[in-house]
Every structure is written in structure tokens, then in C-alpha cells.
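One-based numbering, in listed order, for ligands and for the atoms of each. On a predicted model such as this, the values are computed, not experimentally measured, just so you know. Positions are given from 1, in the same order as the sequence printed here.
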Amino acid sequence: MIARFFCGVFLVALALVSCARAAEPAAKKIEFAIAVHGGAGIEPDALSPDGRRARTRALGQALDVGRKILADGGAALDAVEQTIRLLEDDPLFNAGRGAVFNAAGGHELDATIMDGRTREGGGVAAVTTVKNPISLARLVMTETKHVLLIGHGAEQFADEMRDKRQIERVPNSYFSTDVRREQWRRKVEEEKAARGNKRASGAATMGTVGCVALDKQGNLAAGTSTGGLVNKRWGRVGDSAILGAGTYADNHSCAVSCTGTGELFIRNAVGFHIGALMAFKGMSLDEAVRQVIDEVLPDDSGGLIAVDAQGNISMRFNTEGMARAAADSRGRVEIMLGK
Ligand code: ASP
């Protein structure tokens, strides 16, 4: 009798709980999402308050550009390209103006963009006079049958594309800033002191930019642009020019943009690796990102931003900091530099 009474109470309670659940509004679907990074080499504690404010403001402005395109129903690919162009024009970042110096005292820039809808992509490496390498990378994707053009070949392609779209040319000195020249001088001294140890390259030399986006049509895109590593050999190409390493996008898994010691990201095929963990092992975006950042890459090698087809965003790094920002259609807005 008592048992029957308690059983009845339990069933009534259960029914009430499920009614309450059914009445809860289902979490609204994420219609669009975007994340931006400004490099994993950042050491927030070493920056002045002004330095932190300037980076936060720049990331916020870039995020806004992409967010607006997506909110208006624009394509993820356009959001990625336009967001990165803005960061390339900002001397604070190691991409476009403000790119680091290479060992020859000049600048060689790498960039890639990838369309998750078609898995088409384009890249340029070691370009020296293209103001916005990300736009040239997009033209490699849409106007050639190739995926990567380098050096003189890429410059010549830029000549041909002059009338096509926003391909502005500048002298190589346009990319130079005093801050980067001083950083290069210090790096040369440091490497001399390390007696040419070819692996003595620290995370503090980074500052690449990247963007990943999901649009209202359900398409993913990713892009990355960089001046590479300070005092790199001329002719050196990093992960930011390599699809599947520094940049990757596939509507079936995720879009990824990386920053860090490019050689490690190439050797570990980081962008594709994350997509593969999701596609073949059924991991969530964040599980896959965690696995690669914590277990595949060595400490202090860099970080990445990623978004999946449901609008989940993951931003992780194994350095001191990574300048990063994220927004989505549900009102998420965050901008962070440190842990
Ligand atoms: N990954 C870039 C490279 O190795 C550098 C960076 O992220 O700052 O070229």
C-alpha cells in the first residue's frame, strides 16, 4: 500500500518535470558565427594597458565587419576575406602592414582561404608587393586551376588580376614598421647568442591573423594571413600558406585557422587533423581541438580558432596568450588576449 502510494507520487512528480521541460523554449539555433585571431605569440602581461586596449579595439572592429556581413545574410567566404583585409591593414598585426622582417631585411607574406562548401581553396606564399594577400589567395582559388602560387609567379598573377578586385600593389617597405624593425634586431642578437641553434625560435615571434565563419546558408569558410616568423630564411613558407595545415574548411566538419610555429602545424596537418577527428572519430569540435592542442602539438607551439556547422566555436592555445574574438547570432560577443 505504502509502496503503491510512493510510486504514485513519483510518477506524478515525473510527469510534472517533463511538462515543465516541454514548456521551456528550445535553445535558439545558431544562424551564424564568427571567430577571429590576431596571433598566439601575444604575452598579455608584457603589454602596456594601451597596447592591450589597442588590440582589443582592433579585434572588435574586425569582428564587427564580419558579423555584419553574416547578419545581413552574406557568405562566410566574404566575411572571412573582409575581416582579414582589415587586420592586414592594421600595423599592430603580423600580416600585411606590420609584417615581421625576414633574415634578408624584407617581408614575404603568406595567406590562404578555403571554402567549406566545395572544399576549394587558394593560397599565396612569399609575396612581396601585394597589399592584401588574402584577396589574392581568393583569386587563386576562383581564377586558376591551382591552389598555391609562390613568389614571382604569384606577383605576376597579381599583375594580371589588377582590374579584377581590390588587388593593390605597394613597395615592400610599406609593410615595415619601427616596432617590427626593433623586434627583428633583437631576434638577430638572440639567435647570435644561441649560436645559430636552428630550433631556438620562440612563440613570442608570432602575430598572424585569421578568421573562421559559419553563414546563414550553413556554409563554413576559413582564412589566414601572415608575415611568418621573425628572421625566417627568405623563401621559407609556413603553415598559413598551406591548406589542411594553417587553414582548413569543410562543411561536414569545421573551419579552422591556426597561428604558431608553422613548421609544427604543417608536420601535424593541424587543420585537417581536427576535421578528421570529428569526421572519423565522432569527436565534438572542442574535443578535437583540445586533443590537437594538448596532445598532438608540443607546448608553446601556438593556437587556433575553429567553428563547426552548428555554430559552436572553439579557441585554444598552448602559449601564454592568443588575441582572439568571437560572436554569433545568439548575441555572443567576446574579445580576449590571455588565458
Ligand atoms: N604560423 C605562422 C608561420 O609559421 C606564424 C604565426 O602564426 O604567427 O608562418
Ligand 1 contacted by Gly39 (non-hydrogen, < 4.0 Å): no
Using 30° and 60° as the class boundaries, would you call the ring planes of Tyr248 and Phe272 parallel, tilted or perpendicular? perpendicular
Who's closest to atom 2 (C) of ligand 1 heavy-atom-wise, of Gly238, Ala40, Gly260, Ala125? Gly260
Regarding Glu155 and Arg169, does a basic nitrogen lie under 4.0 Å from an acidic carboxylate oxygen? yes
If we only count N/O pairs under 3.5 Å, is Gly228 in contact with ligand 1? no
Take Phe317 and Arg324 through the test side-chain contact (heavy atoms from CB on, under 4.5 Å) and record every step on the way to the result. CA-CA 10 Å; Phe317 50 96; Arg324 61 202 187 280; 3.4 Å; yes
Heavy-atom distances under 4.0 Å decide this one: backbone, side chain, both or neither, for Cys258 against ligand 1? neither
Is it the case that over 12 heavy atoms from other parts of the model lie below 6.0 angstrom from the CD atom of Gln156? no
Interfacing atoms of ligand 1 (cut-off 4.0 Å, heavy-atom, Ser240): 1 (N), 2 (C)
Among Glu88, Arg85, Glu81, find the one that has a side-chain hydrogen bond (donor to acceptor under 3.5 Å, both in side chains) with Ser225. Glu88
Check this for me: does any side-chain nitrogen of one of Asp64 and Lys68 sit under 4.0 Å from a carboxylate oxygen of the other? no
Based purely on interatomic distance, does Glu263 place a nitrogen or oxygen under 3.5 Å from a nitrogen or oxygen of ligand 1? no
Charged N to carboxylate O below 4.0 Å: is that the case for Arg186 and Glu190? no
Report the part of Arg236 in contact with ligand 1, treating N, CA, C, O as backbone and CB onward as side chain, heavy atoms under 4.0 Å; options are side chain, backbone, both, neither. side chain
Checking heavy-atom distances from atom 6 (C) of ligand 1 to each of Asn94, Ile42, Asp110, Thr208, the winner is Thr208
Atoms of ligand 1, numbered as shown, that sit under 4.0 Å from any heavy atom of Asp239: 1 (N), 2 (C), 3 (C), 4 (O)
Ligand 1 to Gly207, heavy atom cutoff 4.0 Å, flagged ligand atoms 8 (O)
May I ask whether Gly302 places a heavy atom under 4.0 Å from ligand 1? no
One finds that the ligand 1 atoms under 4.0 Å from a non-hydrogen atom of Thr259 are 6 (C), 7 (O), 8 (O)
Heavy atoms of other groups near Arg119 CZ, more than 12 under 6.0 Å: no
